[in-house]
Amino acid sequence: MGFLDILLGRTRPAAPDLDRLFGLPSAAVTLQAAAEFTPTGRGSVCFTTVEGSAFAGIRQDVADLLNADTERDPSSVEFSRDSYGYSWLLSRRGPDDLASLVGDLHAVNTALEGSGFGPQLLCSLVGFSNAEGQTFALVYLYKRGTFYPFAPLPGEKRDNALELRIRAVVADDLPMESDLSRWFPVWGAPGL
């Protein structure tokens, strides 16, 4: 940061720290103990769609990497595109295997970043639910290095009370996004 940046109050965004994803298993323990939410076993990575053979090659490499687990069903890794034109990679694991799911998400983010596609990474998310049927995702904002909860309701509405409650529960386990205007909705995201 330069002297002029300091005088004008400009700041640089925090560098992404993919290792923060590894805080999700401890946050899951906290969520289960304090709020009775458990992982769904589904998580996804969202990125801007890029056309071309280089990106198609890395996409295939990522799928091959995740499917290298011989105990894994190949259909547990799925690519899709949403109505906004963003691409998603969905990974499914057992609800009790959050550590492997987080490893999958970290591997995908690292592979894309290492291949020069880091600017295309938008977010990663992991789904949670409870016995009453409430669901939410903990969303990792790649460019901010922070998390926020997203709790969708039918009709593209949000359960803001649940989101704020979840933030309070996991604030000691994960770096939470303090700017609520950056808690973007991810309607129809695979993994929710």
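- With respect to S91, the side chain to side chain contact (heavy atoms under 4.5 Å, CB included) criterion is satisfied by exactly one of V108, L101, V45: L101.
- Atom CD of E177 is separated from atom CG of L141 by 6.0 Å, given to the nearest 0.5 angstrom.
- For the side chain to side chain contact (heavy atoms under 4.5 Å, CB included) criterion with H106, the lone passing option out of T110, N109, D104 is T110.
- Both V126 and F22 belong to a single network of hydrophobic side chains, linked directly or stepwise wherever heavy atoms of I, L, V, M, F, W or Y lie under 4.5 Å apart.
- Atom CZ of R92 is separated from atom CD of E78 by 4.5 Å, given to the nearest 0.5 angstrom.
- Rounding to the nearest 0.5 angstrom, the gap separating the OG1 atom in T38 from the CZ atom in F128 is 8.5 Å.
- Minimum interatomic distance between G118 and Y142 (heavy atoms only, all atoms of both residues): O-CE2, 3.3 Å.
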List the steps, then state whether side chain to side chain contact (heavy atoms under 4.5 Å, CB included) holds for L21 with F147.
CA-CA 9 Å; L21 290 169; F147 290 86; 4.2 Å; yes
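- Separating the CG atom in L18 from the CZ atom in R20 is a distance of 10.0 Å, to the nearest 0.5 Å.
- Here the side chain of E163 pairs a donor or acceptor atom with the backbone of A151 at under 3.5 angstrom.
- Just one residue in the list D173, L31, L125 forms a side chain to side chain contact (heavy atoms under 4.5 Å, CB included) with L138, and that residue is L31.
- Formation of a donor-acceptor pair under 3.5 Å by the K143 side chain with backbone atoms of C123 is not found in this model.
- Cluster membership check: M176 shares its hydrophobic cluster with I166, using side-chain heavy-atom separations under 4.5 Å among Ile, Leu, Val, Met, Phe, Trp and Tyr.
- A donor and an acceptor atom, one from each side chain of N130 and Q134, are located under 3.5 Å apart.
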Verify side chain to side chain contact (heavy atoms under 4.5 Å, CB included) between L66 and L89, making sure each step is shown before the conclusion.
CA-CA 11 Å; L66 295 182; L89 176 133; 3.8 Å; yes
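- Residues satisfying the ring-ring contact (aromatic ring centres under 6.0 Å, His included) criterion with F150, sequence neighbours excluded, are W187.
- Side-chain rings of F47 and F117 stay apart, their centers remaining 6.0 Å or farther from each other.
- Side chains of Q120 and T48: a donor-acceptor N/O pair is absent below 3.5 angstrom, by distance only.
- Within the model, atoms OG of S44 and CH2 of W88 stand 4.5 Å from one another, a figure rounded to the nearest 0.5 Å.
- For the atom pair OH (Y148) and CG (L174), the distance works out to 14.0 Å, reported to the nearest 0.5 Å.
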